[in-house]
Amino acid sequence: MEKRIIHVDMDAFYAQIEQRDNPRLKDKPVIVGGKSSSRGVVATASYEARKFGVHSAMPMSRAHQLCPDGYYVTPRFNRYRDVSNTIMEIFRSYTDYVQPVSLDEAYLDITHLVRRDMPASRIASFIKRDVLEATGLTCSAGVSYNRFLAKMASGMNKPDGLTIIHHGNVHDILMPLPIGDFPGVGKVTEERMKERGIHTGEDLYSHSERDLINWFGKRGPKLYHYARGIGDDTVQSERIRKSIGKETTFEVDKNDDEEILAVIRKLAQQVSTKMNQYGLVGDTVTVKIKEFDFRSLTKQLKLPETIAEADEIYNISYHLYTELKSVERPIRLIGVTVGNLKEKNFENMTIYDFIQRKE
Ligand code: TTP
């Protein structure tokens, strides 16, 4: 049966909270971020500030140039965490299938709640109402039959939007879409697409699955499906995650330490990004390898304190890898996992710990 998924995303999350808590900031260009030193970057900007061209991840010094009369605020992560807990509780009062993506964003599977007289869009409007009543904050919701379309929909009418993508409008929405707006198309893939003359959803749509596999490998089928509005519709409702891990299977077995370590570095970065998105830290690191003949080996280290940074995860993984890997035996898979997770104590956090672009 076709699913009904809602993606909820708070509008200019940190900035909206600051405006709510301090009425002087209402309707003003508010920029939440580090100090205007060279390292400071913008975490988020209120919609008023975005009119000046200020946006997330921009250096604060640049923001000051664009918006000299803006109201600059340092982030208060504990405050944001509290609001996050409140909205997640609201979501869970509707359905057990809630998958948080970050502090201010989640997917909800509400398939079982839909009735003829209770369409998914109405449920989404109730959720928006509850969030507003409980927190005084607006969010945007997207409703569709899979996750990527729901997410696309939530971004379409921000702020305070409610957008539905259904079979009747999906084609018209996807065809003109810039290729970089499709999931999984980062800067590098976008460039490779453009070299092939693929600039929009329509260009993507015009190619066969075989072509896309030839050009983009394993991602080919996914891209082919995205252009047709087909995507993953599972909402993972792990309430408490025990571990966060990433692994890579090589197309050809590998035995070169340098190459494998480069992959480990990437995996450590991905794990760290995920942990930061969920606001988690952990104190065990596990490295798994699968040798060419499918023999699986793992090694784990329990640390005296928790970590979440990519470099730390990498350094420990490096040691575990060198202990596991036999010189003579090429491997087909490598994985890095951080376990025994806890919520990060936002008191001790600096903005630099948190600024990480989302996937
Ligand atoms: P987003 O939901 O990506 O964006 P947003 O809340 O700024 O605004 P909107 O969705 O309406 O466009 O991010 C949620 C929060 O995460 C954001 O308020 C601040 C934080 N964040 C960072 O710290 N660094 C970043 O680079 C991004 C994108 C977000």
Side-chain angles (χ1 to χ4, degrees), residues 6-22 25 27-35 39-60 62-63 67 70-88 91 99-108 128 131-132 135-142 147-148 150-163 180-181 183 186-187 269 272-280 308-310 344 346 349-359:
I6 301 179
H7 179 256
V8 187
D9 186 14
M10 301 300 289
D11 303 318
F13 187 48
Y14 297 178
Q16 218 197 143
I17 293 175
E18 297 302 337
Q19 288 178 320
R20 174 196 72 176
D21 290 354
N22 181 354
L25 302 179
D27 304 321
K28 299 283 191 326
V30 173
I31 295 121
V32 183
K35 298 255 146 50
R39 281 182 72 213
V41 289
V42 175
T44 193
S46 71
Y47 282 79
E48 296 82 0
R50 291 181 199 193
K51 289 191 192 130
F52 294 85
V54 179
H55 58 74
S56 303
M58 168 183 280
M60 282 297 253
R62 179 83 187 120
C67 190
Y71 293 72
Y72 290 82
V73 181
T74 19
R76 297 179 300 154
F77 293 109
N78 283 324
R79 197 95 185 125
Y80 311 147
R81 158 70 69 191
D82 286 346
V83 178
S84 177
N85 288 339
T86 306
I87 62 169
M88 296 300 166
F91 302 159
Q99 182 177 350
V101 185
S102 60
L103 284 184
D104 78 322
E105 198 182 317
Y107 292 101
L108 285 66
K128 278 169 58 69
V131 168
L132 184 63
T135 66
L137 303 170
T138 63
C139 59
S140 294
R147 282 207 320 248
F148 100 87
K151 175 156 177 123
M152 211 168 258
S154 74
M156 282 169 58
N157 289 301
K158 267 183 164 288
D160 202 15
L162 170 51
T163 310
D181 289 359
K187 284 272 164 287
Q269 181 62 59
S272 168
T273 302
K274 261 258 119 73
M275 291 176 72
N276 282 317
Q277 277 176 5
Y278 286 98
L280 295 170
E309 290 317 303
K344 192 171 199 157
F346 282 116
M349 226 171 122
T350 69
I351 178 120
Y352 311 111
D353 295 324
F354 202 77
I355 306 287
Q356 298 241 13
R357 293 248 28 130
K358 296 186 192 169
E359 288 174 309

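These figures come from a predicted structure and were not determined experimentally. Whatever order the structure lists them in is the order used to number ligands and atoms, beginning at 1.
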Atoms of ligand 1, numbered as shown, that sit under 4.0 Å from any heavy atom of Asp11 = 11 (O)
request  = Check ligand 1 against Thr44 and write out every atom of the ligand that is under 4.0 Å from a heavy-atom position of the residue.
outcome  = 5 (P), 7 (O), 17 (C), 18 (O), 19 (C)
key: Shortest heavy-atom approach to atom 21 (N) of ligand 1 - which of Ala43, Gly33, Ser84, Ala12   = Ala43
ask   = Side chain or backbone of Met58 under 4.0 Å from ligand 1, or both, or neither, by non-hydrogen atoms?
value = neither
request  = Please identify which atoms of ligand 1 are closer than 4.0 Å to at least one heavy atom of Arg50.
outcome  = 5 (P), 7 (O), 8 (O), 9 (P), 11 (O), 12 (O)
ask   = Looking just at side-chain N and O atoms, do Glu18 and Tyr80 make a donor-acceptor pair shorter than 3.5 Å?
value = yes
request  = Please confirm whether the backbone N or O of Gln16 pairs with a side-chain atom of Ser46, one donor and one acceptor, at under 3.5 Å?
outcome  = no
ask   = So, Thr163 side chain and Gly142 main chain: donor-acceptor pair closer than 3.5 Å or not?
value = no
ask   = Can you list the residues that meet the side-chain contact (heavy atoms from CB on, under 4.5 Å) rule with Asp160, with sequence neighbours excluded?
value = Asp11, Lys128, Thr138
message = Can you tell me which portion of Asp9 lies within the under-4.0 Å heavy-atom range of ligand 1? Options are side chain, backbone, both, or neither.
response = side chain
request  = Output all residues satisfying salt bridge (Lys or Arg N to Asp or Glu O under 4.0 Å) with Arg50, sequence neighbours left out; order by chain, then residue number.
outcome  = none
query = Does any N/O atom on Ala57 come nearer than 3.5 Å to any N/O atom on ligand 1?
reply = no
Electrostatic pair Lys151:Asp9 at N-O distance under 4.0 angstrom = no
ask   = At a 4.0 Å threshold, what atoms of ligand 1 neighbour a non-hydrogen atom of Asp104?
value = 2 (O), 6 (O), 14 (C)
message = Could you work out, for atom 19 (C) of ligand 1, the closest of Tyr80, Phe77, Tyr14, Tyr47 by heavy-atom distance?
response = Tyr14
Flag if over 12 foreign heavy atoms under 6.0 Å of OH, Tyr72 = yes
message = With heavy-atom distances below 4.0 Å as the criterion, list the atoms of ligand 1 near Met10.
response = 6 (O), 10 (O), 11 (O)
request  = Could you establish whether Glu18 and ligand 1 come within less than 4.0 Å of each other, counting only heavy atoms on the residue side?
outcome  = no
message = If we check side chain to side chain contact (heavy atoms under 4.5 Å, CB included) with Val8, which of these qualifies: Ser154, Ser140, Cys139?
response = Cys139
task = Provide the number and element of each atom of ligand 1 under 4.0 Å from a heavy atom of Phe13.
result = 5 (P), 6 (O), 18 (O)
